[in-house]
Protein chains: 2
Amino acid sequence: MLDVWVAGVGMTRIGRRSESLRDLMAEAAHAALRDAGLERPDAIVVATMNPEEFVGDGNFASHVATHMGLAETPSLRIETATASGAAAFYAGFAEVAAGLRRAVLVVGGEKMTHLDTPRVSELIGRSIDPYERSYGATMPALAGLITRALMARAAVSPRELAHVAVKNHANALRNPDAHFQRAITVDEVLDSRMVADPLRLLHCCPISDGAAAVVLTADRAAVRVAGIGQGTDTLAVRHRDTLTSFRASRAAASAAFAMAGFGPERVALAELHDAFAPFELMSLEDLGLVPAGKAGRATLDGETMLDGRLPVNSSGGLKARGHPLAATGLAQIVECVWQLTGRAEGRQVEARVALAQSIGGLATNNWVTLLETP
Amino acid sequence: MLDVWVAGVGMTRIGRRSESLRDLMAEAAHAALRDAGLERPDAIVVATMNPEEFVGDGNFASHVATHMGLAETPSLRIETATASGAAAFYAGFAEVAAGLRRAVLVVGGEKMTHLDTPRVSELIGRSIDPYERSYGATMPALAGLITRALMARAAVSPRELAHVAVKNHANALRNPDAHFQRAITVDEVLDSRMVADPLRLLHCCPISDGAAAVVLTADRAAVRVAGIGQGTDTLAVRHRDTLTSFRASRAAASAAFAMAGFGPERVALAELHDAFAPFELMSLEDLGLVPAGKAGRATLDGETMLDGRLPVNSSGGLKARGHPLAATGLAQIVECVWQLTGRAEGRQVEARVALAQSIGGLATNNWVTLLETP
């Protein structure tokens, strides 16, 4: 298996965008190619969760490649619900690691803000077990259920939960590509509109448009892919042993650390999938970054702030950078690479090993990617 | 790069099926696992073109894995329109070739017959360039345009075209898994209802349900993957240099033969993407299996019949075995493996090298896979 390196990264500003999905993806992809100093990749991996229903077009790998003027470059599409970007990164990694391609462009994106919220919720809800969906379960509803269990069993407090969102908004204020550019307070979170009890509006990520891209290569570059792990779980949440920890996150972390040959103690920066604020706390523990039961306290104590022991979501996270579904797993990796190479102006931290974690569906298909500067 | 072997194959009967898509996919996948003597693969690659709109469910990799009782086995989904099955085969190949997984289950399927034909046509049409679609272009309409050009420029005759369908129906009569189990005559083809001038109903593949699966492994088995090639082209048909040959097929063949280290002269059996009868003739020439301009004549002369020089579509092809979209690329490989291992009862031919060719969209994303018994 060949070593795989990140030769270039790029992303669009995340938010409410008027451009088409293909324009957003081309913008991010061209930025990554420029960053890699590469005119034409050997292959393209495209991530988008549901372009047929979000924008009415299918065959999207060919769509993006043609739109970029790369119609003759082999392209394919990967999908694992909201973790599609991370899965596409893995697929590109496998092609380069096998020696099948020398330089692969991986680009993910989503365009959603032109649809109304109930329609977006319905489309994202297709990721949920059909039987649970038949009882009206939506992503926020299931996340609310999990949050309630977390508060009951692990004594996570409302202030701890709120602080995740406050921290991530503060970080996004330093990220010009982030969806939100405003600070929020704990009181604002606790006073915001109820979405799915106990989750309020400011615990939840927004609906965003955007794209992100990465160039992977077998040629040595500044950042090496140290490990990638995938973890999965039952589609149905009701079939799981526990609600307060995600097996898919634990399995993904275990596989990624095994490939890397080191453990969580080496991780100096993490981008975690905080689609809902409690997920950041659960992930901290599931990935072994914070001892079990301590994530809420560690967050309140500032351990995960930019100047803390382990900065988490320096980009602003899904909560404040935004969550354009299939772009997100790649946007996390873009942030990690910018941090590792000293290009995270205004929010730069010291790190040689970074971790990105992406959650697909309601934690049915999760990914952990470890990046390092050797 | 490790050698990759096909350890097991399986498929459902293709046709109008009352089972759900997940049931069909599980049936094919369990058959392939049984054939491989494997209880649990290391990973699953799922191919389905558009489950969100065909059956209303997304996150389909997790959906299938969970339904099969393999929720803890990593799974992801690949899509390249109608070639999704072939692309998924490639993705599984890359994982095994890189040494990332030891045994990968690849399963593809589609469920379409519960929808009415205009709706199926609309959904498949999402693969077409949006501008061409805006003028009413459908797959049969574009294929009709291409057929007209083929008849004008390459002097392909109506009888030659009809004979493709006649041959493939005759083969399907020997395949218990095929959608159609009846012989047709040239006159029946020429008298059938016009679909998109000059294409008539019996030149076109049916709308089918079904699934097919393959187990790939790094452990030596009876059939080796000798080569895989992908070729692509512009989404828009109007942007191409020629209508009577597909660049995507030529590029895929060239890449596959380069990987295999041999040329088309070694191919003794081919499964070609005859979604429309003229595509079989074009593919024969694009892949170098028949000299340019000779495919029609070779077909009339019986060269591609079961007892001919190069049997083509012994399964019945898309025309008569049926075309459940993302299953098709894998169903072709299942047929090749059955033939190479002497398990194609009733239609067995002598072959040590077989070729499968899959067309994605209107030839925007094509694949050629070469299999051999060493």
Side-chain angles (χ1 to χ4, degrees), chain A residues 1-2 43 49-53 56-63 65-67 70-82 84 87 90-91 93-100 123-130 228 230-236 239 247 251-252 255 259 360-361 364-365, chain B residues 1-2 43 49-53 56-63 65-67 70-82 84 87 90-91 93-100 123-130 228 230-236 239 247 251-252 255 259 360-361 364-365:
Chain A
M1 192 159 79
L2 303 177
M49 182 165 144
N50 184 351
E52 290 88 354
E53 290 184 291
D57 290 318
N59 198 6
F60 219 79
S62 291
H63 201 96
T66 295
H67 188 57
L70 297 173
E72 299 194 355
T73 303
S75 60
L76 53 76
R77 171 176 163 232
I78 306 282
E79 182 264 319
T80 55
T82 44
S84 297
Y90 168 77
F93 172 87
E95 290 191 274
V96 175
L100 286 161
L123 295 184
I124 295 178
R126 299 217 196 290
S127 310
I128 299 171
D129 173 71
I228 303 187
Q230 182 183 9
T232 52
D233 206 343
T234 56
L235 194 65
H239 290 153
R247 185 213 173 257
M259 189 189 293
T364 66
N365 207 324
Chain B
M1 192 159 80
L2 303 179
M49 183 165 143
N50 184 351
E52 291 87 354
E53 290 184 291
D57 290 318
N59 198 7
F60 219 78
S62 291
H63 201 93
T66 295
H67 188 57
L70 296 173
E72 299 194 355
T73 303
S75 60
L76 52 77
R77 172 177 164 234
I78 306 281
E79 181 264 318
T80 56
T82 44
S84 297
Y90 168 76
F93 172 87
E95 289 189 276
V96 175
L100 286 161
L123 296 183
I124 295 179
R126 302 218 196 286
S127 310
I128 299 171
D129 172 71
I228 303 187
Q230 182 184 8
T232 51
D233 206 342
T234 56
L235 194 65
H239 289 154
R247 183 210 177 260
M259 189 189 292
T364 67
N365 207 323

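What's counted below: heavy atoms across the whole structure, side chains too, no hydrogens, waters or symmetry copies. Letters A, B, ... mirror the listed sequences (proteins, then strands); counts begin at 1.
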Output for pair (B/Tyr90 OH, B/Ile228 CD1), nearest 0.5 Å, gives 7.5 Å
Residue B/Asp57 versus chain A: region with a heavy atom under 4.5 Å
both
Return the CG to CG distance between A/Leu2 and A/Leu100, rounded to the nearest 0.5 Å.
9.5 Å
Top contributor to chain A interface from B/Ala65, B/Gly231, B/Ser127 [non-hydrogen pairs under 4.5 Å]
B/Ser127
Where do A/Ser75 and B/Asn365 land on the side chain to side chain contact (heavy atoms under 4.5 Å, CB included) test, with the steps shown first?
CA-CA 8 Å; A/Ser75 60; B/Asn365 207 323; 3.8 Å; yes
Do the non-hydrogen side-chain atoms of B/Leu235 and B/Thr364 ever get within less than 4.5 Å of each other?
yes
Using non-hydrogen atoms only, which part of B/Thr66 is less than 4.5 Å away from chain A: side chain, backbone, both, or neither?
side chain
Under 4.5 Å to a heavy atom of chain B? For A/Ala97 that would be both
Need one label for B/Met259: side chain, backbone, both or neither, based on atoms under 4.5 Å from any heavy atom in chain A.
side chain
Nearest 0.5 Å please: distance from the CG atom of A/Asn50 over to the CD1 atom of A/Ile124.
10.0 Å
Chain B interface, residue from A/Ala255, A/Ala81, A/Pro74 that has the most non-hydrogen pairs under 4.5 Å:
A/Pro74
Between B/Gly360, B/Ala98, B/Ala94, which shows the greatest number of heavy-atom pairs under 4.5 Å with chain A?
B/Ala98
Looking at B/Glu95, B/His67, B/Arg247, which makes the most heavy-atom pairs under 4.5 Å with chain A?
B/Arg247
Pair count under 4.5 Å, heavy atoms only, with chain A: among B/Ser84, B/Pro130, B/Ala61, B/Gly125, highest is B/Pro130
Among B/Ala43, B/Ala252, B/Gly56, which has the most heavy-atom pairs under 4.5 Å with chain A?
B/Gly56
Sub-4.5 Å side-chain heavy-atom contact between B/Pro51 and B/His63:
no
Counting heavy-atom pairs under 4.5 angstrom with chain A, the leader among B/Glu53, B/Glu52, B/Met1 is B/Glu52
Side chains of A/Glu79 and B/Glu79: closer than 4.5 Å at any heavy-atom pair?
no
OG/A/Ser62 to CG/A/Leu76 distance, rounded to the nearest 0.5 angstrom?
9.5 Å
B/Phe60 versus chain A, the contacting section by heavy-atom distance below 4.5 Å:
backbone
Answer with side chain, backbone, both or neither: which region of B/Thr73 has an atom nearer than 4.5 Å to a non-hydrogen atom of chain A?
backbone
Does a donor on one side chain and an acceptor on the other come within less than 3.5 Å for B/Asn59 and A/Thr80?
no
